[in-house]
Amino acid sequence: MRVLVVGSGAREHALCWRLAQEATEVACTPGNAGIAQQFETLGVKAGDSSGIEALVRRSGFDLVVVGPEQPLIDGLVDHLQSAGIAVFGPDADAAKLEGSKKFAKEKMHQAGVPTAEFGVFTDPEEALEFARSRFDAGLGVAVKASGNALGKGVIVCHQLDEAEDAIGMMLVEHELGAAGATIVVEDRLAGREFSLLTVCSGTHFRSLPVAQDYKRALDGDRGPNTGGMGSFAPASWVSSDLIARTETEVVAPMLELMAQQGTPFRGVLFSGIMVQDSQPYCLEYNVRMGDPETQSVVRLLGTGLLPAMTSVAHGSNQIPAIETQTGAAVSVVIASPGYPGKIETGLPIQIGPMPEGIEVFHAGTDGADGRWVTQGGRVLTISAHAPNPEDARRLAYAGVSEVHFPGMQYRRDIGA
Ligand code: AMP
Ligand code: GLY
């Protein structure tokens, strides 16, 4: 089996690493410099559907696995499927669950999925009126751009004037462009969060080990939101009962609704859950594996991911079992100085010898072994697998201590 992974981040590096344990060959497009050390990288961008089709025809890959959301939302899967190519990921109709928060919330409502009360707005006055009514009722709100705003589209508001600013930023100043031209205003919930990644084929599904990510830049969940500063799995505070409830109340009804409406979901459905008063609420769906959740989750998988993805790509209703390993995984993201704001690139990186149990997944690097430089906001993910959470955490930070570049930033509390 020859597999082509589409994407260029640490998530895709981790996917290549896991799939290579089951495939005869793994390649990545466009990949990055770190991925290129271990796998063939092919240089065609994720947004170039015709280029990827040509690549698959030329090189004869048996399966394409799409990592990031934007090509899914833009219809890469539809394009490859109509060319007769086996591809793992949802088509554009199903990917709207991530591409449009308006669509996702309306579907949650229809399917009876527990989620925060909400309204959908294009008019700033009406949005503010709704927000005011929620604050008057003693609640808070979250203001969300409906479109894909690359992690910048959600503002959680504790005061009405914050909501007013967020609504103005999106609907009056148009700072998020088309992504923020329609917004969702919903009740602010409070509780712990986890990410459930579920491999789905129509109404059939199998969940992967439950994970938790860290979105804020600084220790103790302070500072600005980022694309993710670390993760761990399994999130052991999430009981098997809570996972089962999430599957029954959040995953299954949505899969059933999508199938009923003629847009079955095939791929990984990522349910972003907040637990309030013991009830799992769906904050959002994503239509792909999480970054940096994947970097921890794949460390806990045994064999079975490749056969599962292959059978989903071929439209089968049987998803073979995916083995999980014992132990715990902790992944720490190392970011450039300034991230998530304006960053400096081209800083020389030293990567020392890594202890056993560590995998280094590259995102924003350039160069090659011995002469790496920084090239993006999130530079590396240091991912540890050990017999228990405490050892995994210690091991991850032992790995981090082998990495040096000027101004490198990372959180010290991942998995704590
Ligand atoms: P999202 O992009 O929808 O995952 O939102 C990013 C983060 O904003 C989530 O992980 C939560 O921490 C927070 N968030 C989103 N929606 C809500 C909500 N209704 N109440 C409280 N926090 C929220
Ligand atoms: N870690 C959150 C995401 O991948 O969207």
Side-chain angles (χ1 to χ4, degrees), residues 9-18 32 34-35 37 151 192-195 197 209-237 289-301 325 327-340 343 347 349-365 372 374-416:
R11 166 182 52 205
E12 285 74 29
H13 195 174
L15 271 171
C16 288
W17 173 85
R18 180 58 249 178
N32 61 44
I35 296 175
Q37 293 288 295
R192 288 186 86 175
E193 289 180 56
F194 67 88
S195 308
L197 277 50
V210 64
Q212 189 170 325
D213 78 343
Y214 294 74
K215 290 197 169 77
R216 300 296 198 95
L218 305 176
D219 289 4
D221 287 331
R222 290 172 303 112
N225 258 316
T226 71
M229 295 301 287
S231 66
F232 66 89
S236 48
W237 64 272
M289 294 180 75
D291 189 340
E293 285 91 336
T294 302
Q295 292 91 303
S296 289
V297 168
V298 295
R299 301 301 309 279
L300 297 178
L301 299 182
Q325 305 191 50
V330 171
S331 298
V332 180
V333 170
I334 302 181
S336 291
Y339 179 76
I343 57 157
L347 303 168
I349 313 169
Q350 285 170 346
I351 306 180
M354 286 292 157
E356 201 182 326
I358 293 280
E359 294 295 331
V360 179
F361 297 127
H362 287 243
T365 59
W372 296 110
T374 59
Q375 204 216 20
R378 291 191 291 172
V379 178
L380 298 165
T381 304
I382 307 300
S383 171
H385 179 213
N388 60 64
E390 201 36 59
D391 286 347
R393 177 175 147 68
R394 250 195 304 271
L395 184 61
Y397 283 100
V400 170
S401 72
E402 293 294 335
V403 177
H404 301 279
F405 61 84
M408 74 182 224
Q409 52 158 332
Y410 59 91
R411 282 181 58 160
R412 271 86 176 158
D413 60 350
I414 306 299

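Keep in mind it's a predicted model, so treat the numbers as computed, not measured. Heavy-atom basis, side chains included; hydrogens, waters and symmetry copies ignored.
A pairwise comparison of heavy atoms in Leu197 and Gly290 identifies CD2-N, 3.8 Å as the closest pair. When all heavy atoms are compared, the tightest approach of Gly223 to Leu218 is CA-CD1, 3.9 Å. For the residue pair Gln325 and Arg299, the shortest heavy atom distance occurs at NE2-O, 3.7 Å. Across every non-hydrogen atom of Ala10 and Ala363, the tightest pair is N-CB, 3.7 Å. What you find for Ala384 and Ile358 is that their closest heavy atoms are CB-CD1, 3.8 Å. Of all heavy-atom pairs spanning Pro292 and Gly227, the tightest one is CD-O, 4.1 Å.
Separation of atoms CD (Glu359) and NE2 (His13) is listed at 8.0 Å; rounding is to 0.5 Å. From Ile382, atom CD1 reaches atom CD1 of Ile414 across 12.5 Å, with rounding to the nearest 0.5 Å. The OG atom of Ser331 sits 10.0 Å away from the CD atom of Glu293 when rounded to the nearest 0.5 Å. A distance of 11.0 Å separates CZ of Arg412 from CZ of Arg393, quoted to the nearest 0.5 Å. Interatomic distance, Thr294 OG1 to Met289 CE, rounded to the nearest 0.5 Å: 4.0 Å. Taking CD1 of Ile334 as the reference point, atom OG1 of Thr381 lies at 8.5 Å (rounded to 0.5 Å).
With sequence neighbours excluded, no residue forms a side-chain hydrogen bond (donor to acceptor under 3.5 Å, both in side chains) with Ser336. Residues meeting the side-chain hydrogen bond (donor to acceptor under 3.5 Å, both in side chains) test with Asp291, sequence neighbours left out: Gln295. For His385, there are no ring pair (Phe, Tyr, Trp, His ring centres under 6.0 Å) partners, not counting sequence neighbours. Among residues two or more places apart in sequence or in another chain, the side-chain hydrogen bond (donor to acceptor under 3.5 Å, both in side chains) test is passed with Arg411 by Asp221, Asp413. Looking at residues two or more places apart in sequence or on another chain, you find a side-chain contact (heavy atoms from CB on, under 4.5 Å) between Pro406 and Leu347.
Contact check for Arg378 versus Pro340: no side-chain heavy atoms found under the 4.5 Å cut-off. Two residues are said to be in side-chain contact when any heavy atoms from C-beta on lie closer than 4.5 Å; Tyr339 and Met408 fail this criterion. With contacts defined as side-chain heavy-atom distances shorter than 4.5 Å, the pair Gln212/Glu193 does not qualify. Looking at Ser383 and Val298, their side chains never come closer than 4.5 Å, going by heavy atoms from C-beta outward. Annotation: side chain of Ile35 is in contact with side chain of Asn32 (closest heavy-atom distance under 4.5 Å). With a 4.5 Å cut-off on side-chain heavy atoms, Pro234 and Leu300 count as touching. Taking the side chain as every heavy atom from C-beta outward, Pro355 and Leu395 approach each other to under 4.5 Å. Within the 4.5 Å cutoff, the side chain of Val360 has heavy atoms near those of the His362 side chain.
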request  = Starting from the C-alpha separation in whole Å, work towards a yes-or-no answer on side-chain contact (heavy atoms from CB on, under 4.5 Å) for Glu12 and Trp17.
outcome  = CA-CA 8 Å; Glu12 285 74 29; Trp17 173 85; over 6 Å; no
message = Go through it in stages, so that I can follow the logic: the residues are Asp213 and Lys215, the test is salt bridge (Lys or Arg N to Asp or Glu O under 4.0 Å), and I'd like the CA-CA distance, side-chain angles, deciding distance and then a yes or no.
response = CA-CA 6 Å; Asp213 78 343; Lys215 290 197 169 77; 3.6 Å; yes
request  = Please test Val333 against Leu380 for side-chain contact (heavy atoms from CB on, under 4.5 Å), starting from the C-alpha separation and ending with a verdict.
outcome  = CA-CA 6 Å; Val333 170; Leu380 298 165; over 6 Å; no
Report, one line per pair, each donor and acceptor closer than 3.5 Å where one atom sits in a side chain of residues 398-405; sequence neighbours left out.
unit_1 : atom_1 : unit_2 : atom_2 : d
Ser401 : OG     : Ala398 : O      : 2.7
His404 : NE2    : Ser401 : O      : 3.2

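Under the 30°/60° scheme for interplanar angles, the aromatic rings of Phe232 and Tyr214 are found to be tilted.
No side-chain N or O of Gln350 forms a donor-acceptor pair with one of Trp372 less than 3.5 Å apart.
Remark: side-chain polar atoms of Arg18 are not paired, donor with acceptor, to backbone N or O of Leu15 under 3.5 angstrom.
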